[in-house]
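Source: prediction; values computed, not measured. Only this structure's heavy atoms are used, side chains among them; waters, hydrogens and symmetry mates stay out. Position 1 is the first residue of the sequence; numbering continues from there.
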Amino acid sequence: MVSEVILGRLEMPSEAAINLRQLRYFVRIAEVGNITRAAEQLNVAQPALGLQIRQLEQELQTELLLRHSRGVVLTEAGKLLLERARKLLKEVEDLKREIGGVSGLEQEMLVLGLTPSIMLQIGPDMLLDAKQTIPNVSLSLVEELSYSLATSLERGELNYALAYGADEQRPNVDRRAILEEELLFVRPKTEENLPETLTLAEALTHELVQAGERDMVQQLLKRAADKYSLKLQITYEAQSIPAMRTVVVRGAAASFMPYGTAIEEIRTGKLVVQRISDVPLSRTLYLLKSTKDAPSRYQDAIDQFIDNIVERLLASLGPLARRVGR
């Protein structure tokens, strides 16, 4: 049976050519459901990523993914491999920590999930701050959309996450509201001087490019449009943040975005932003923490590091954000 082949090969590495990189790549593709999107997140060329998966399928002598126009779905063998691969990768990380402790080289790992907008605003500053604030902790930053971050944390793949719209309580996850951020209406550069604000009805006369239906911004837009009986024209959908920005820069559509998502294009004048005057759209940022994790030996330093992140983010957003939850 397929399950016996997979189980046997994963348990007998001397007979298998499967490597950990292939398993990590496979898990990420399975989680996002799209090879192109997975390649972007992994910072790997799409052809190289596809080759790794084909080699994995050849080694296991079975198809793991079914390709279709919008992405991929797992076969039954793929579902089994996903379950086992996650456990195996976690065991490898645990083993590395245990060996580090025995050899006297143990260093705690802090895996922090961030949205693309936060990463663009303060990601480099966070890495520098970590070196000063938590020198005995190895920081790993994971960049995903909010709904993916919450799911990853629930599965134990992250220690903390800064995610928007985590309004519902999840198992084994502590959450704390941190700030509320106003979304901006983003337009291509124009020769005319645009007013600083416009109404929601005026903004929704434009064709829009937004992320998929699971994205919080699109959900906020749909609720607002329904509430005020306004027509919503989402002409383009793109899961890739760079693709969304490019569509707007080229003048094909406008978009509702957080400031951080288009921060460089706004600063360089490639994009123009306006605030919504009558019905501002906002989202709440939450700090999520896994309750499965034991307290760190450096918990006080980690708490200070998290506080520094919040302060940096508030300073970056300025009047577009306000602190909540205190």
Side-chain angles (χ1 to χ4, degrees), residues 112-123 126 142-154 158 160-170 173-187 197-200 203-204 208-228 230 232 234 237-241 244-245 248 254-263 265-266 271 273-289 306 309-326:
L112 174 62
L114 303 171
T115 64
S117 63
I118 296 177
M119 184 71 82
L120 286 168
Q121 288 178 85
I122 61 171
M126 290 173 57
V142 176
E143 180 182 339
E144 293 179 351
L145 296 177
S146 288
Y147 61 81
S148 296
L149 289 174
T151 302
S152 296
L153 189 85
E154 203 172 354
L158 306 173
Y160 290 85
L162 288 169
Y164 289 93
D167 301 316
E168 296 182 1
Q169 188 63 56
R170 289 172 173 256
V173 175
D174 278 340
R175 65 189 175 100
R176 173 166 64 91
I178 293 178
L179 60 83
E180 190 173 280
E181 177 187 355
E182 181 182 333
L183 298 172
L184 295 170
F185 184 64
V186 182
R187 303 173 65 169
T197 64
L198 76 170
T199 66
L200 180 62
L204 293 187
L208 301 175
V209 54
Q210 302 294 155
E213 293 184 356
R214 294 180 64 187
D215 182 66
M216 180 195 320
V217 176
Q218 183 170 156
Q219 293 176 6
L220 285 171
L221 281 171
K222 286 185 174 180
R223 285 197 294 269
D226 289 344
K227 181 176 181 179
Y228 297 101
L230 299 172
L232 184 61
I234 299 180
E237 284 193 358
Q239 295 294 340
S240 165
I241 300 298
M244 288 176 57
R245 290 197 301 264
V248 181
S255 183
F256 285 83
M257 293 183 181
Y259 169 70
T261 299
I263 185 170
E265 288 78 6
I266 294 170
L271 293 176
V273 298
Q274 295 173 283
R275 299 174 72 176
I276 303 300
S277 58
D278 56 342
V279 190
L281 301 179
S282 63
R283 57 182 190 166
T284 302
L285 178 67
Y286 289 85
L287 173 64
L288 306 179
K289 181 181 185 300
I306 298 294
I309 293 174
V310 177
E311 292 301 326
R312 287 185 183 277
L313 193 55
L314 283 166
S316 175
L317 292 170
L320 298 175
R322 66 179 185 88
R323 187 189 294 275
V324 297
R326 281 192 176 183

Partners of R322 by side chain to side chain contact (heavy atoms under 4.5 Å, CB included), sequence neighbours excluded?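 Once residues adjacent in sequence are excluded, the partners of R322 under the side chain to side chain contact (heavy atoms under 4.5 Å, CB included) criterion are E180, V324.
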Can you sort out the partners of S152 under side chain to side chain contact (heavy atoms under 4.5 Å, CB included), two or more places apart, ordered by chain and number? E144, R155, E157, L158
Reported [atom1]-to-[atom2] distance for the pair [X] and [Y], which is rounded to 0.5 angstrom:
X	Y	atom1	atom2	result
S282	I276	OG	CD1	12.0 Å
I178	L287	CD1	CG	4.5 Å
S146	I118	OG	CD1	7.5 Å
L204	Y228	CG	OH	12.0 Å
L149	T151	CG	OG1	8.5 Å
I306	R176	CD1	CZ	8.5 Å

In the structure I gave you, are the side-chain heavy atoms of [X] and [Y] within less than 4.5 Å of one another anywhere?
X	Y	result
F185	L208	yes
L285	E181	no
Q210	Q219	no
L112	I309	yes
T261	M244	no

Nearest non-hydrogen partners of [X] and [Y], listed with the distance:
X	Y	value
L317	L179	CD1-CD1, 4.3 Å
A177	T284	CB-CG2, 4.0 Å
L271	A262	CD1-CB, 3.8 Å
Y164	S117	CE1-OG, 4.2 Å
L288	A163	CD1-CB, 4.0 Å
A161	L153	N-CD1, 4.3 Å

Under the criterion side chain to side chain contact (heavy atoms under 4.5 Å, CB included), which of V273, V248, V217, L184 is the partner of M257? V248
Are M126 and L114 close enough, and set up right, to give a side-chain contact (heavy atoms from CB on, under 4.5 Å), and what steps lead you there? CA-CA 11 Å; M126 290 173 57; L114 303 171; 3.7 Å; yes
Let me see the working for E237 and D215 under side-chain contact (heavy atoms from CB on, under 4.5 Å), right down to the final yes or no. CA-CA 10 Å; E237 284 193 358; D215 182 66; over 6 Å; no
